[in-house]
Amino acid sequence: MTDFDGLFRTAGVTGFLHAVDLDTGAEIAHGADQAVVTASVFKVALLVEFFRQADRGALDPSERVRIVADGHTPGPTGVSAMADDVTISLRDLAYLMIAVSDNTAADTLIGRVGLTAVNTMLASFGLAGTWLEHDCAGLFASIVEDAGQEDMPTDPAVVARLRVLDPARTNRSTPRETTRLLGMIWRDEAASPESCAWMRRLLGLQVWPHRLASGFPYDDVAVSGKTGTLPTLRNEAGVVEYPDGSRYAVAVFTRSYGTAQNQPRADAVIGTAARVAVERLRS
C-alpha cells in the first residue's frame with residue numbers, strides 16, 4: 001500500500017489523487033472525492049463545451065475574432081502577454097488556452113460559450129461536484145479585492161483570506177470527477193469522435209513538462225494534460241498512454257504548506273505520485 005500522505009508531506013504539500021485505467025476501470029484513490037480548487041484545470045471543461053457547441057453548429061471553430069490589447073485578462077502567456085491587438089480563430093484560442101494556459105484565450109471562449117452552458121453540460125454528465133464559478137478575469141479580480149494588491153500575494157495572512165482558495169467559492173471539482181471527464185474525452189463520449197480527437201490533440205500539446213510529465217520521462221509514453229496554479233496550489237490532470245495501448249487518466253491536486261510562488265517540490269511530487277499510482281495499476 002502506497003503512503004501517499006507521506007509522499008505528499010515530504011514535498012511540503014497536502015495532496016489528493018485519482019488514477020484510473022480507462023479500459024478496465026481499475027483505480028487508485030487518495031482523497032479522490034475531496035472538493036478541490038481547479039485553478040486552470042477548469043479549462044478542460046470549457047474545452048469540452050466549446051467543441052460540443054461546434055458539433056451542434058452553435059459556433060464555427062474557424063471563426064476569427066479580434067481581441068484588443070487593452071481588453072486582456074491578466075496572465076503571463078499567450079494573448080494575455082501580447083502588446084498589440086490580435087485576430088485569431090476560436091479554435092486557435094482553444095489551443096492557446098490548453099497549450100500555454102492563456103487566460104485571455106479562455107475568457108474570450110467563455111464569452112462565446114457561456115459559463116452557464118459549461119455548468120449545464122457538467123450536470124448532464126453527472127459531474128455534480130464540478131462547477132465553474134467565474135472566468136479568469138473574475139478570479140483575478142477576486143484576488144485583488146481580497147489581497148488589496150495587484151501582485152500575487154505571498155504573505156500567509158493575506159493568502160489565508162483568498163476566496164479563490166476555497167472550493168466552496170471558486171471553480172471546483174474532485175479528482176475522481178476530473179478523471180471521469182478526461183475518460184469521456186479519450187473514449188469519444190464527451191463530444192463527437194472528431195471533436196474528441198481535437199481535444200486529445202490539444203491536451204497533448206501542453207508545453208509544461210515539470211509536473212505530470214516529469215513522472216514519465218520515456219520516449220514511448222505519451223502524456224497529455226492541463227495544469228492549474230494559484231497561490232499555494234499546484235495541480236495537473238491528464239492521460240498517460242503506453243505503447244502497449246493501455247491508458248490512464250490521472251488527476252493530482254496539491255496545496256503547499258508554504259506560500260512561496262516557486263514550489264519545485266510541489267511540482268515534482270505531482271509526477272511522482274502519478275507514476276506511483278500508474279505503476280500500481282500496471283502491476
Side-chain angles (χ1 to χ4, degrees), residues 38-122 132-141 143-144 150 152 171 181-182 185 190-211 213 222-230 235-239:
T38 51
S40 283
V41 175
F42 89 84
K43 293 168 184 173
V44 176
L46 174 57
L47 183 72
V48 171
E49 179 58 19
F50 170 76
F51 276 104
R52 285 172 65 84
Q53 291 190 18
D55 287 341
R56 299 196 301 269
L59 58 80
D60 177 3
S62 66
E63 177 190 342
R64 298 176 69 80
V65 296
R66 185 169 181 264
I67 304 171
V68 296
D70 61 1
H72 291 174
T73 300
T77 60
V79 177
S80 288
M82 295 180 184
D84 301 310
D85 296 352
V86 173
T87 300
I88 190 171
S89 73
L90 294 175
R91 183 163 43 209
D92 283 341
L93 286 172
Y95 155 70
L96 289 173
M97 173 180 74
I98 297 299
V100 296
S101 206
D102 182 345
N103 293 330
T104 297
D107 281 1
T108 304
L109 293 181
I110 288 172
R112 181 59 57 89
V113 170
L115 284 181
T116 299
V118 179
N119 287 325
T120 299
M121 175 269 294
L122 291 167
L132 272 60
E133 185 72 26
H134 40 224
D135 62 9
C136 297
L139 184 152
F140 286 115
I143 293 175
V144 171
E150 295 286 338
M152 281 292 179
N171 299 340
L181 184 60
L182 287 167
I185 295 171
S192 69
E194 179 183 8
S195 287
C196 286
W198 263 101
M199 287 187 268
R200 292 192 294 269
R201 174 180 176 271
L202 296 183
L203 289 160
L205 292 174
Q206 183 184 231
V207 302
W208 316 122
H210 59 306
R211 292 185 185 165
V223 179
S224 308
K226 181 70 199 76
T227 60
T229 308
L230 282 171
N235 309 325
E236 187 162 359
V239 173

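On a predicted model such as this, the values are computed, not experimentally measured, just so you know.
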Spacing of [X] atom [atom1] and [Y] atom [atom2] [to the nearest 0.5 Å]:
X: Ile110; Y: Asp135; atom1: CD1; atom2: CG; value: 5.0 Å
X: Glu150; Y: Ile143; atom1: CD; atom2: CD1; value: 11.0 Å
X: Leu47; Y: Trp198; atom1: CG; atom2: CH2; value: 11.0 Å

When you compare the side chain of [Y] with that of [X], does any pair of heavy atoms fall below 4.5 Å?
X: Tyr95; Y: Ser89; value: no
X: Ile98; Y: Leu205; value: no
X: Arg211; Y: Thr229; value: yes
X: Ile67; Y: Leu93; value: yes
X: Asn103; Y: Leu139; value: no

[X] versus [Y], closest heavy-atom pair with distance:
X: Ile185; Y: Met199; answer: CG2-CB, 3.9 Å
X: Pro61; Y: Ala54; answer: CG-CB, 3.6 Å
X: Thr38; Y: Asn235; answer: O-ND2, 3.2 Å
X: Phe50; Y: Ala94; answer: CE2-CB, 4.2 Å
X: Val48; Y: Leu181; answer: CG2-CD1, 4.2 Å
X: Ala237; Y: Val41; answer: CB-CG1, 4.2 Å

Ser101 and Ser40: CA distance, side-chain angles, deciding distance, side-chain hydrogen bond (donor to acceptor under 3.5 Å, both in side chains) verdict: CA-CA 7 Å; Ser101 206; Ser40 283; 3.3 Å; yes
Backbone N/O of [Y] and side chain of [X]: donor-acceptor pair under 3.5 Å:
X: Thr77; Y: Val100; result: yes
X: Thr120; Y: Thr116; result: yes
X: Gln206; Y: Gly225; result: yes
X: His72; Y: Val79; result: yes

Could I get the full list of side chain to side chain donor-acceptor pair (under 3.5 Å) partners for [X], not counting sequence neighbours?
X: Ser192; result: Asp55, Ser195
X: Thr87; result: none
X: His134; result: Thr170

Decide yes or no on side-chain contact (heavy atoms from CB on, under 4.5 Å) for Leu202 and Phe51, but give the supporting numbers first. CA-CA 12 Å; Leu202 296 183; Phe51 276 104; 4.2 Å; yes
With Glu194 via salt bridge (Lys or Arg N to Asp or Glu O under 4.0 Å) - residues at least two apart: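 So Glu194 forms no salt bridge (Lys or Arg N to Asp or Glu O under 4.0 Å) with any residue.
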Could you work out, with side-chain contact (heavy atoms from CB on, under 4.5 Å) as the rule, every residue matching Glu133, not counting sequence neighbours?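 Residues passing side-chain contact (heavy atoms from CB on, under 4.5 Å) with Glu133: Trp131, Asn171, Arg172.
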Report the residues that fulfil side-chain contact (heavy atoms from CB on, under 4.5 Å) with Ser224, sequence neighbours left out, ordered by chain and then residue number.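 Partners of Ser224 under the side-chain contact (heavy atoms from CB on, under 4.5 Å) test: Trp186, Leu203, Glu241.
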Pairs meeting criterion salt bridge (Lys or Arg N to Asp or Glu O under 4.0 Å) with involvement of [range], two or more places apart:
range: residues 42-51; value: Glu49-Arg52, Glu49-Arg56
range: residues 72-97; value: Arg66-Asp85
range: residues 98-121; value: Glu63-Arg112

Determine, stepwise, if the pair Arg64 / Ile88 fulfils side-chain contact (heavy atoms from CB on, under 4.5 Å). CA-CA 5 Å; Arg64 298 176 69 80; Ile88 190 171; 5.8 Å; no
